[in-house]
Chemist: 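Before I ask anything, here is the structure I am working with.
Just so you know, these numbers use all the heavy atoms, side chains as well, and skip hydrogens, waters and symmetry mates. Chain letters run A, B, ... following the sequence lines, proteins first, then strands; residues in each count from 1.
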Amino acid sequence: MSSDHARAELERTWRDPATLKGWICTLDHKAIGRRFIVTALLFFAAGGVLGGLMRHQLSEPGKTMLGPDLYNQVFSMHGTTMMFLFAVPVMQGIGLYFVPLMIGTRNTAFARMTACSYWVYLIGGLTLFTGFALNTGADAGWFAYVPLSGPEHGFGKRADFWNVLVNFTEAMGLMVAVDLTTTALKMRTPGMSLQRMPLFVWATLVSSIMIIFAMPTVMLGANLVQFDRMAGTHFFNAAEGGDVLLWQHVFWYFGHPEVYFIFIPALGFISAIIPTFARRPMFGHTAIVLSLIATGFLSFGLWVHHMYATNVPELGKSFFTAMSFMIAIPSAVQLFCWIATLWTGRVAMKSPLLFIVGFFVTLVIGGLTGIMLGSVPLDLQVHDTQFVVAHLHYVLIGGALFPLFGAVYYWFPKVYGRMLNERLGRWHFWLLFIGFNLTFFPLHVLGLDGMPRRIYTYSADSGWGPLNFLSWIGAMIDDLGLALFILNVLRTFWKGERASDNPWGAGTLEWATSSPPPPYNFERLPVVASLEPLWSPPAEGPREVVGLATNSREGLVTTVLDALPDVRYSYPSPSIWPVVAAFGVGLWLIWSIFSNKGMLIGLILPSIAFIAWYWPSQKEAAEELALEKRP
Amino acid sequence: MRREAMPASVSAVQRGNTLDVSNLPSYGFGTRSLMWWGTVGMCAIEGMAFGFMILIYFYLRSLSDTWPAGGAAPDLLWGTVNLGLILASAIPNYFADRAAIDQDLPKVRMMLVLGVLFGLALCGVRWLEFTALNVRWDDSAYGSVVWMLLGLHTFNLVTDVVDTMVLTAVMFKQPLEGKRYVDVAENAGYWTFIVVTWIPIYAVVYFGARF
């Protein structure tokens, strides 16, 4: 079969029909990943507007733009949006897009589940914002402490919307995590043993496994609060033997790893970008892999450092202090490996790398205040002050947002086939960097000066006015930087320079296919023999895989450690049922906000959809039988 | 070595600078199957929820002066009957798994039907268990945590019974792809999880209030 013929047939097999149904039902990991990223960025914009409103409200003493009640909703919605609707989904979206390309396969393992998870996510986010528009926005902070969110003090349906959002986003997160874990372990192209797996895939694997062990607890916890509110249970009611601190344990057991499964994919971006722009393989590859795994483990032992101001035993607090200090070690190991790589490479300072340098500076500051907060006496001094707000923005914006923008500049040409403008990228970086530091550095000082977080205003004689004003100026500069980014993206769609397959001269497999990649990713799956297959292709032996069907969606499953070819795999074909199931889940969860009956009867619709999703069609069965070989 | 863990009898063939995989099987059992990994992920997620619920039980118990608060411990009868039933259900479940690996359709069908019958019986007895807890979910935190533990396991039990019914129907359909045998094996794996998790949950629900 000629190569052109094979390509045409693959195209017919893998391309979705150009209809609305084709668009909705797509199983292409690239389309779904793109959807995740774009939706998450829109939620980021919404969360950013809420953040801007707070900075404006606090820019001078005694402002009355937001009242205390609305302010509560605004800061709770801001945190909830950024953590649940932006940071986690955007990282998973990038994983969905790039993991299959980086490991040389055609799609993720459970494409229908991922398709379903996107709609679950979207419906959940829109539900939360619909509540907010109707004056029913979450108002007990992004960690929704009881008793504030409990049946006695949680006003109206606000806390219910938050609890249900957690169900939506964690269901989404878990589905994607299982998909990405299986994909990374079982679908690597022949030759890509674990030792040759790219660092970004490692980061995605570690964070996905963390999600599997962290997210179920917050989902469980949110439902316990919901049962307290709706069904009269007493999990958090001290009068009947319940306990409010229980919620803090359940939440932070998830909440602290959550910070790390936002941060670890970002470390993966950095490890993808640095070798490309240093023009050399990563220094200390194995040390970085071990550090990622160590960070994943240690991050489960930190949660009580969010609870130093409660009555947990002092000895317990010392353990968590030690763990909080210890986690700095693997982060530092990675930092030194990156520095060594840059030091010994031939550095090309393009915009992706610029954002990574921004990360270095910002994260180190955030890490230093983290060590301060990790010790009990210092934490007690600044607990619930603006100092904490400064710290968490330094680690999250420094640790995740800067690398994320680096990743956007780095991978945009692969996704859209056009280069983002370099000059606008540099302006974007500098405005964001200066604006960010101007916004958040003063909050350290304000916190040390005693300004609490989560207050809607303050009096003039507190003396907090000037620094808050400076912070507001910083936020405006940030906005300008982000506006330039949007301008850059729009301009690139209109007249951006066309990108070649590998515009940066990188070494990993996503650059081995066209920009943007075809629906089937690779005409023939590549065989690899090194960490950077594009820099050092196999000197001898096979270079590509043949024998997979082109007239049917077929891929390859390999062994976990050595990636030896093991089983051919029939990918599922597009179906409307995962989408129906997502809407069924949405209906059920929204109904459960208002009615206990809904909690039970509402289950019927998604159940039917799940069964229909599984039910084999005659056509598919016949197609599979034609290719079938018994093991 | 378990049969499904054995490496493929055929392997990819090198032809010049290509690797021909057309001889490889189109499905495999155990860790060779993607479904196995999905099922393990599902068990990890549910297992975390069960584990945390048990932790919450003992956390609340440690804070309480009287446990069970103001009532009697659950009656042992129905829970213990269910323990016996669920352990017995592991037998047809084991043979369903074996028959699936052997691709023995009549035996698969028989064991699945048996599994469904066991599942329905378990659901029925579970209903009786809820009536014998001697506490309502809204009586106290003790009542809440006991109902939640039992409820969480019931949710998984009912889900897998429904799954098994659907799978049984699929196994009576034609044409039948070979990979459906993998589904049977994985369904058996998930049922094992339901069986194994019932042992600690049974112990906590029925004896956590006694000792």
Chemist: B:Tyr27 versus chain A, heavy atoms under 4.5 Å apart: side chain, backbone, both or neither?
Modeler: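 For B:Tyr27, heavy atoms of backbone and side chain both lie under 4.5 Å from chain A.
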Chemist: Measure distances from B:Arg61 to the heavy atoms of chain A and classify the residue's part below 4.5 Å as side chain, backbone, both or neither.
Modeler: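 Neither; nothing under 4.5 Å.
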Chemist: Highest number of heavy-atom pairs under 4.5 Å with chain A: which of B:Asp139, B:Leu176, B:Val162?
Modeler: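 The answer is B:Asp139.
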Chemist: Begin from the C-alpha positions of A:Thr233 and A:Asp228 and carry the test side-chain hydrogen bond (donor to acceptor under 3.5 Å, both in side chains) through to its verdict.
Modeler: CA-CA 4 Å; A:Thr233 56; A:Asp228 268 16; 2.6 Å; yes
Chemist: With distance as the sole test, does A:Thr559 use its side chain to make a donor-acceptor pair with the main-chain N or O of A:Leu564 at under 3.5 Å?
Modeler: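 It does hold such a pair.
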Chemist: Considering only heavy atoms, which portion of B:Leu63 lies under 4.5 Å from any heavy atom of chain A: side chain, backbone, both, or neither?
Modeler: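 When you check distances to chain A, only side chain atoms of B:Leu63 fall under 4.5 Å.
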Chemist: If you count heavy-atom pairs under 4.5 Å between each of A:Gly242, A:Ala109, A:Pro616 and chain B, which one has the most?
Modeler: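 The candidate making the most pairs under 4.5 Å is A:Pro616.
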Chemist: Of the backbone (N, CA, C, O) and the side chain (C-beta and beyond), which part of B:Glu177 lies under 4.5 Å from a heavy atom of chain A, both, or neither?
Modeler: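 Both parts, heavy atoms under 4.5 Å.
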Chemist: Could you look at B:Ser140 and say if it's the side chain, the backbone, both or neither that has a heavy atom under 4.5 Å from chain A?
Modeler: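 Backbone plus side chain of B:Ser140, per the 4.5 Å heavy-atom cut-off to chain A.
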Chemist: Heavy-atom distance under 4.5 Å to chain B: side chain of A:Pro190, backbone, both or neither?
Modeler: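 Just its side chain gets close to chain B.
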Chemist: Can you tell me which portion of B:Gln174 sits under 4.5 Å from chain A's heavy atoms? Options are side chain, backbone, both or neither.
Modeler: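 Contact with chain A is through the backbone of B:Gln174 alone.
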Chemist: Quick check on A:Tyr253 against chain B: is it the side chain, the backbone, both or neither that has a heavy atom closer than 4.5 Å?
Modeler: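 Looking at A:Tyr253, just its side chain touches chain B.
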